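Worksheet: one structure, shown below.
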Amino acid sequence: MRSLAERISEIVGEKYVSDESHVRWAYAKDVGPWRERMPDVVVRPGDPYEVSAIVDLANRLRVPIWPRGGGATPVGAGMPLKPYGILLDMTRMNQIEVDEGDMVAVAEAGATFASLIHQLWKKGLDTFRGPGSGLAASVGGAASMSSNWHASLKYGGTGDVVRGVEVVLPTGEIIRTASAYKWPHKFYARYHGTPDLTGLFIGDHGTLGVKTKVSFGLWEKPEFADGVGWGVDNVVNMQTIFQKISRKRLATDMNFHDKLIMQFLAYLRNEVGYDGVGPEMRRWLKAIYDDLEESGNVERFEKNGDMIAFAVVEEHSRAVLDEKVKMIEKIVRESGGWIMGRRYAMDYHDNQLHGFYQPFMNVDPGLGTSFIGGGGLIRPSQFAKSREILYSYLEENKEDLQKHDISGTFFGYVLNPSAIAIYPGVLGDQYHMPSRERVVYHSKRIRDEYMRSDCGWQPYFAGEWGTEGYMKTLYAPYYYLLKNIKKLLDPNNILNPGMLGL
Ligand SMILES: Cc1cc2nc3c(=O)[nH]c(=O)nc-3n(C[C@H](O)[C@H](O)[C@H](O)COP(=O)(O)OP(=O)(O)OC[C@H]3O[C@@H](n4cnc5c(N)ncnc54)[C@H](O)[C@@H]3O)c2cc1C
């Protein structure tokens with residue numbers, strides 16, 4: 001009898017399929033702390049027809065398919081939920097077409113945000129710039145996770161910017177949504193005379209189809225950029241500042257780091273020193289401390305500071321830019337904040353596509369090997385209150401956290417005037433198993449504390465971490481609607497079975 005790999009190689013060719021254990025092992029994990037789960041086979045399809053044929057085979061054999069883009073989720077999503085099945089690596093499908101006439105870019109699902117944005121910037125164009133993991137994250141993964149962040153405050157996130165998707169349904173048919181539903185299948189507009197089904201596939205975590213193309217609306221990249229960094233001694237003031245700035249739509253990005261991170265930065269700078277940390281952390285640390293020194297706020301930052309934040313402003317006109325920066329500074333001053341300077345903001349701006357997040361994740365020698373559980377969206381009116389939930393948790397569990405050398409983090413960004421993304425997580429040592437298991441345990445309990453609260457929290461992502469959380473709070477009629485849709489589209493439940501409780 002032919003093996004699964006042999007049968008798939010008849011579709012994609014021998015070169016693009018493997019059941020060797022070292023290959024399967026490489027796909028057994030995403031960037032989070034979750035236990036590895038090896039698929040039976042890894043396949044790298046080259047076009048939607050190959051994907052369709054693989055899906056057809058999986059239906060006949062009743063074998064699950066786990067689609068994967070960059071595998072850059074920290075929540076156990078870009079990896080098999082069960083230790084078997086077909087891992088569908090989409091990264092070979094990475095071509096990008098830019099249509100400057102109609103201002104749409106159509107990217108194959110495996111293209112990374114870094115490649116999309118670099119191509120666009122070379123032409124003076126722009127779109128939603130992707131998640132913090134954009135060097136690795138694929139556009140198909142981002143659409144499946146409904147990702148947000150870089151420039152979302154100005155332009156919106158994936159869901160707002162996407163003009164339609166091409167999807168291989170779990171039964172093998174290939175469809176395009178939005179204006180591309182009809183011949184000649186051009187992506188340019190959402191919403192028309194029939195229901196726009198694009199949204200069905202945004203945030204579906206790959207449960208309703210395999211995305212093979214994602215199209216993005218475009219506009220011209222603003223020529224001018226500037227930024228403002230500030231601190232507050234009380235998080236309540238930060239909430240007011242965020243609300244005032246976002247309601248006036250003054251900024252392209254607005255991000256924050258709270259005192260758990262500030263204390264750590266002070267420790268790095270004062271105890272470890274710039275030479276003791278990796279280059280990304282050094283650059284970021286230096287930008288912040290140069291701002292603090294110049295503005296005379298070092299002591300305030302280290303002793304009384306509760307939270308720091310920055311806004312980046314981008315405009316086509318220097319005069320409009322300068323005016324907006326002035327307006328932000330005025331709001332900050334009038335709402336109890338102290339201005340730090342512009343380097344903290346511009347370090348983000350200049351490195352958003354390649355280096356900004358490194359200091360927080362596994363790759364900085366100065367931090368050791370650490371990781372984060374996951375984040376979620378809350379209502380802006382609950383921002384200050386939402387941090388208390390993490391702080392109470394850290395206090396109540398102080399002994400266990402100290403014992404396993406686990407620390408808390410709280411940072412995030414303002415998504416729009418109605419939602420703030422917060423990451424109340426824990427950091428530990430990925431390669432020390434007891435610490436790693438405790439991080440999983442604590443990140444799930446923190447998630448549940450937030451789910452129980454009334455700050456509007458919803459986990460950003462499902463995967464292993466978020467699915468349990470969703471299941472605890474999904475409104476039953478809504479869940480059954482989702483389940484019925486899933487049954488209709490995927491009668492044999494072969495695509496990401498178990499994800500989102502489906
Ligand atoms: C340092 C760092 C920073 C991050 N910052 C952010 C952030 O700012 N904002 C944010 O939203 N997220 C963030 N993330 C989380 C994650 O990286 C993003 O959500 C990213 O968009 C996931 O894309 P991916 O290609 O890596 O997806 P994967 O991890 O490969 O997959 C994610 C999910 O999508 C499904 N999937 C992938 N490709 C397809 C496809 N073609 N068709 C159907 N289903 C598919 C998978 O089955 C899985 O369920 C961050 C992660 C890291 C490590």
Side-chain angles (χ1 to χ4, degrees), residues 32-35 74-76 232-239 256-268 302-309 360-361 367-413 420-474:
W34 320 100
R35 269 190 186 275
V75 291
V232 292
D233 301 338
N234 184 335
V235 65
V236 175
N237 294 341
M238 193 61 98
Q239 179 175 312
F256 61 88
H257 300 96
D258 106 310
K259 68 177 166 214
L260 290 169
I261 293 174
M262 293 155 72
Q263 283 158 5
F264 184 60
L265 294 180
Y267 161 79
L268 285 184
E302 292 181 356
K303 295 227 170 91
N304 306 322
D306 198 6
M307 193 175 275
I308 53 171
F360 296 108
M361 298 301 283
L367 263 184
T369 50
S370 42
F371 53 75
I372 297 165
L377 293 177
I378 54 147
R379 293 180 281 130
S381 60
Q382 304 300 305
F383 177 67
K385 228 169 112 185
S386 76
R387 193 186 61 173
E388 290 317 311
I389 299 168
L390 175 72
Y391 276 32
S392 314
Y393 184 88
L394 296 178
E395 184 56 35
E396 277 162 26
N397 292 277
K398 206 160 63 186
E399 259 176 50
D400 191 65
L401 293 165
Q402 270 169 3
K403 188 168 145 203
H404 294 97
D405 209 10
I406 294 171
S407 54
T409 65
F410 191 83
F411 62 93
Y413 59 92
I420 296 183
I422 59 169
Y423 290 78
V426 275
L427 291 168
D429 186 341
Q430 170 124 245
Y431 299 105
H432 180 57
M433 198 45 89
S435 160
R436 175 170 156 180
E437 304 225 311
R438 273 335 253 178
V439 164
V440 170
Y441 168 81
H442 286 295
S443 73
K444 286 185 173 179
R445 284 190 59 207
I446 291 170
R447 175 203 66 202
D448 288 344
E449 291 293 326
Y450 276 87
M451 309 269 346
R452 273 194 286 274
S453 78
D454 64 352
C455 62
W457 163 270
Q458 46 177 321
Y460 225 141
F461 315 120
E464 182 171 342
W465 177 77
T467 291
E468 266 176 32
Y470 278 113
M471 294 311 295
K472 287 183 185 169
T473 50
L474 270 178

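Please read these numbers as outputs of a predicted model, since none were measured by experiment.
Annotation for Gly425 and Leu390: closest pair O-CD1, 4.3 Å, computed over non-hydrogen atoms. Taking every heavy atom of both residues into account, Gln239 and Phe383 meet most closely at OE1-N, 3.3 Å. Contact record, Phe256 with Tyr413: CE2-N, 3.4 Å, taken as the closest heavy-atom pair. Here the closest heavy-atom approach between residue Tyr470 and residue Met451 is recorded as N-CE, 4.5 Å. Closest heavy-atom contact between Ile446 and Pro424: CG2-O, 3.6 Å. Residues Ser386 and Phe410 approach most closely at OG-CZ, 3.8 Å, considering heavy atoms.
No side-chain heavy atom of Arg379 sits less than 4.5 Å from a side-chain heavy atom of Lys385. Counting only heavy atoms from C-beta outward, the side chains of Asp306 and Met238 never approach each other to under 4.5 Å. Considering only heavy atoms from C-beta on, Leu427 comes within 4.5 Å of Thr409 through its side chain. Proximity of Ile389 to Cys455: side-chain heavy atoms (C-beta onward) are separated by under 4.5 Å at one or more points. At least one side-chain heavy atom of Ile422 sits under 4.5 Å from a side-chain heavy atom of Trp457. In this structure, the side chains of Ile261 and Ile308 stay at 4.5 Å or more apart for every pair of heavy atoms.
Taking the side-chain hydrogen bond (donor to acceptor under 3.5 Å, both in side chains) definition, one finds that Asp233 meets it with Arg300, Trp338, sequence neighbours left out.
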Pair Met307-Arg387, side chain to side chain contact (heavy atoms under 4.5 Å, CB included): steps then yes or no: CA-CA 11 Å; Met307 193 175 275; Arg387 193 186 61 173; 4.1 Å; yes
Candidate pair Trp34 and Val440, rule side chain to side chain contact (heavy atoms under 4.5 Å, CB included), full reasoning: CA-CA 7 Å; Trp34 320 100; Val440 170; 3.4 Å; yes
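Tyr391 and Asp258 share a donor-acceptor pair across their side chains, judged by distance under 3.5 Å alone.
Using a 4.0 Å cut-off between charged side-chain N and carboxylate O, Glu468 and Arg447 make a salt bridge. Comment: Glu395 engages Lys398 in a salt bridge, judged by a side-chain N to carboxylate O separation of less than 4.0 angstrom. Ion pairing between a basic and an acidic side chain is recognised when a charged N comes within 4.0 Å of a carboxylate O; Asp405 and Arg438 show no such pairing.
Side chain of Gln458 to main chain of Leu377: no donor-acceptor pair is present (N/O by atom type, distance under 3.5 Å, no hydrogens or angles).
The CE atom of Met262 sits 9.5 Å away from the CG atom of Asn304 when rounded to the nearest 0.5 Å. Interatomic distance, OG1 of Thr467 versus CE of Met471, reported as 8.5 Å (0.5 Å rounding).
With Glu437 as the partner, the side-chain hydrogen bond (donor to acceptor under 3.5 Å, both in side chains) test is satisfied by one option alone out of Arg35, His442, His404: Arg35.
In this pair, Phe411 and Tyr423 present their aromatic rings parallel. The plane angle is below 30°, not in the 30 to 60° band.
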